[in-house]
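The block underneath contains the structure these notes are about, expressed in structure tokens.
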Amino acid sequence: PPSIDSPADRPNKSNPPYPNNRTKSTRLACLSSLHSLNRSYSMKWFTTSLSLALCEAWAPSNSFLPSLRQKNTILHESKNDYNVVFRPSTDGDSFDSLKLGTARVHRYSDPESGVDDSEYIMWYHARDETINNEDNLPPLSTGRIGRATSRNGLIWQRDEEGSNDVDKEGVSLGLNKESWYGFDTAHVGLGQVLMPMVSPSIRSAGGVYVMYYMGGSYEETKISQYTEREVPEEATIKGMNLKIGAAISQDGLTWGRVEGDDPSGACMVPYDANDINQDVGGLDIAEELYCGWPEVVVNPVDENENVKKAKTDSERDNFFMYYSTMLKDTKEKSIGCATSFNGFAFAKQGIVLQPSMPLDGAGCARCNVIKKATLNEEGFWEEEGNGWIMFYEGVSSEDGKHRILAAESDDLKSWTKKGLVMDVGEGDDAWDAQGVGSPHVIRLDDGYYRMYYTGEGSNGDTAFGVAKSVDLLSWEREQAEVSFAFE
């Protein structure tokens, strides 16, 4: 995994992709390097009832509605979408032709390059009509995971080829077709990608990318578990029991799944007190109904620690994972935490964020955690000691819309909420009027931070937008297209 003394996402320069090697030997090489690390209930109201009752913390309130996207959609369709940078594909056969979700963008440099050949890389998950029409799957944006690249982080080019061992063209990580018992056979969604780096924003040759993702199978669970609404006891849903897995790659293009300790292949599953295989070390952990949207943060070695000892100390929490879940007893959508020494075997630490105010009263979900920093006079980012900030999706208990909120921490364990940082778009015709969420923040060379987020309009269409900030708490939507004025 990435070096624990190299904080991710400190972008002074960018990094181009590895050589285009998409053979299965890449996957085998990745797996080799890992060893060194030691009857549904059918009713007409089903879709509507399910979406309203269950998915309030997963997608904006009307995301279950079919997309009304035009066949020939262009990037900017009105004066209100000037900050849109990525939309669903106009190719109806593409894996990302219906809905988009969770963009993870990284910018880092090639140490062997003598010029500034900046390139941004984005991984994201998306859904097409085929998965959307699968019987009884949750109405989400999850489906398969793809990849795109950009020179400026605003104009993106899809990876049209994808990996050669996936189930659909243009896909980086697809459905698990090799293990019928797998947790990720029906749909998958992106959590985070950690980069192989030797120093901030500098890639390491021969390093390993680690992708954390969630998946659902065709296992059926009762809808009544997930909602206070009255539903028939027999009503069931597939793919709702989300679990978290990991995959590795040497080039960021072709990925090999890592078999976790769970029989399904997952490395993190919802906590069940009756499961004798789940050991929480005597902690008082609330039972969970699903685990998804993993955000993994590398805990860097501080100046008072011995780097060599930290890398070999199995008791040190080198990795922190924050994941979205629903608590079994209260049905609250909350954010849980787990820690790990090696980045693959995680131990749950309990819930760190749950509903407590109107803006997140209906749920806390999908977060991104970065270390606070400022740009010094020499043009380098200096991190602020132990200061961390979490951006998360809050679901309002008043209007049901999703907004982006923030919380701060000095130890990655205890978090203090700071309130709203990104509201929905103004006016019913705004492309992101219905909800904003799935934030991901990177640093830029000019002292600004850029946030990539998923927005949804009142008609159910989704896209990725951008916003900028200098203080991490006040954000403005960023102009994503170039305009020319002529006299």
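- Remark: aromatic rings of Trp415 and Tyr392 are distant, center separation not under 6.0 Å.
- Here the rule is ring-ring contact (aromatic ring centres under 6.0 Å, His included) with Tyr453, and of Trp431, Phe86, Phe464 only Trp431 fits it.
- Side-chain contact between Thr236 and Thr221 is absent, with no heavy-atom pair separated by less than 4.5 Å.
- Arg127 places a side-chain N or O within 3.5 Å of a backbone atom of Leu140 that can act as its donor or acceptor partner.
- Distance alone, capped at 3.5 Å, places no donor-acceptor pair between the His106 side chain and the Tyr120 backbone.
- In this structure a side-chain-to-backbone donor-acceptor pair under 3.5 Å is present from Asn376 to Phe380.
- Of all the heavy atoms in His125 and Trp293, the pair that sits closest is CE1-NE1, 4.0 Å.
- Ion pair Arg107/Asp445 flagged as a salt bridge, since at least one NZ, NE, NH1 or NH2 atom sits closer than 4.0 Å to an Asp/Glu carboxylate oxygen.
- The local environment of CD in Gln354 is crowded, with over 12 non-hydrogen atoms from other residues, nucleotides or ligands closer than 6.0 Å.
- Panel note: side chain His402, backbone Glu393; no donor-acceptor pair is recorded below 3.5 Å.
- Looking only at distances, a side-chain donor or acceptor of His187 sits under 3.5 Å from a matching main-chain atom of Gly239.
- A salt bridge links Asp81 with Arg87: the closest approach of a Lys/Arg side-chain nitrogen to an acidic carboxylate oxygen falls below 4.0 angstrom.
- By the 6.0 Å contact criterion, CG on Asn133 is enclosed, its count of non-hydrogen atoms from other residues, nucleotides or ligands being greater than 12.
- Closest approach of Ser224 to Lys331, counting heavy atoms only: O-CE, 3.6 Å.
- When all heavy atoms are compared, the tightest approach of His440 to Ala103 is CB-O, 3.4 Å.
- Side-chain contact between Ser150 and Gln157 is absent, with no heavy atoms from C-beta onward closer than 4.5 Å.
- In the displayed structure, Glu384 atom CD is contacted under 6.0 Å by more than 12 heavy atoms of other residues, nucleotides or ligands.
- Under a cutoff of 6.0 Å and an axis angle of 45°, Lys168 and Phe95 do not form a cation-pi pair.
- Listed for the Tyr213 side chain is no donor-acceptor partner under 3.5 Å among the backbone atoms of Pro294.
- One distance of note links CD1 of Ile335 with CE of Met390; it measures 5.0 Å at 0.5 Å rounding.
- Checking Lys328 against Tyr226 by side-chain atom types alone, no donor-acceptor pair falls below 3.5 Å.
- Under the 3.5 Å distance criterion, the side-chain polar atoms of Asn83 are matched with a main-chain donor or acceptor of Val466.
- Note on Glu383 versus Arg443: salt bridge recorded, some NZ/NE/NH1/NH2 to OD/OE distance being below 4.0 Å.
- The line from CG of Leu173 to OG of Ser163 is 8.5 Å long, rounded to the nearest 0.5 Å.
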Trp475 and Tyr448: ring-ring contact (aromatic ring centres under 6.0 Å, His included), yes or no, with the steps? CA-CA 10 Å; Trp475 292 84; Tyr448 277 85; 9.5 Å; no
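- Contact between Leu289 and Asn241 at its shortest, heavy atoms only, is O-OD1, 3.5 Å.
- Side-chain contact between Val166 and Trp255 is absent, with no heavy atoms from C-beta onward closer than 4.5 Å.
- Closest heavy-atom contact between Val369 and Glu295: N-OE2, 2.8 Å.
- Classified by interplanar angle (parallel below 30°, tilted 30° to 60°, perpendicular above 60°), the ring pair Tyr452/Trp156 is perpendicular.
- For Thr462 (side chain) and Gly455 (main-chain N/O), no donor-acceptor pair under 3.5 Å exists by modelled atom type.
- No hydrogens or angles considered: nothing links the side chains of Thr130 and Asn132 as a donor-acceptor pair under 3.5 Å.
- The main-chain N or O of Lys99 is never found under 3.5 Å from a side-chain atom of Asp96 such that the two would form a donor-acceptor pair.
- In this structure, the side chain of Arg104 engages the main chain of Gly191 through a donor-acceptor pair within 3.5 Å.
- You'll find the side chain of Glu478 reaches within 4.5 Å of the side chain of Arg450, heavy atoms only.
- When side chains are defined from C-beta on, Leu327 counts as touching Ile351, because their heavy atoms get closer than 4.5 Å.
- For the pair Val436 and Arg477, the minimum side-chain heavy-atom distance is below 4.5 Å.
- Within a 6.0 Å sphere centred on CD1 of Ile155, heavy atoms belonging to other residues, nucleotides or ligands number 12 at most.
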Before you tell me yes or no, could you show the steps for Arg257 and Asp184 under salt bridge (Lys or Arg N to Asp or Glu O under 4.0 Å), namely the whole-Å CA-CA distance, both residues' side-chain angles and the distance that decides it to 0.1 Å? CA-CA 10 Å; Arg257 285 171 162 86; Asp184 50 357; 2.7 Å; yes
Would you check, one step at a time, whether the test salt bridge (Lys or Arg N to Asp or Glu O under 4.0 Å) holds for Lys417 with Glu408? CA-CA 6 Å; Lys417 294 181 179 180; Glu408 295 181 338; over 6 Å; no
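- The aromatic rings of Phe320 and Tyr322 lie parallel to each other, their planes meeting at an angle below 30°, with 60° marking the opposite boundary.
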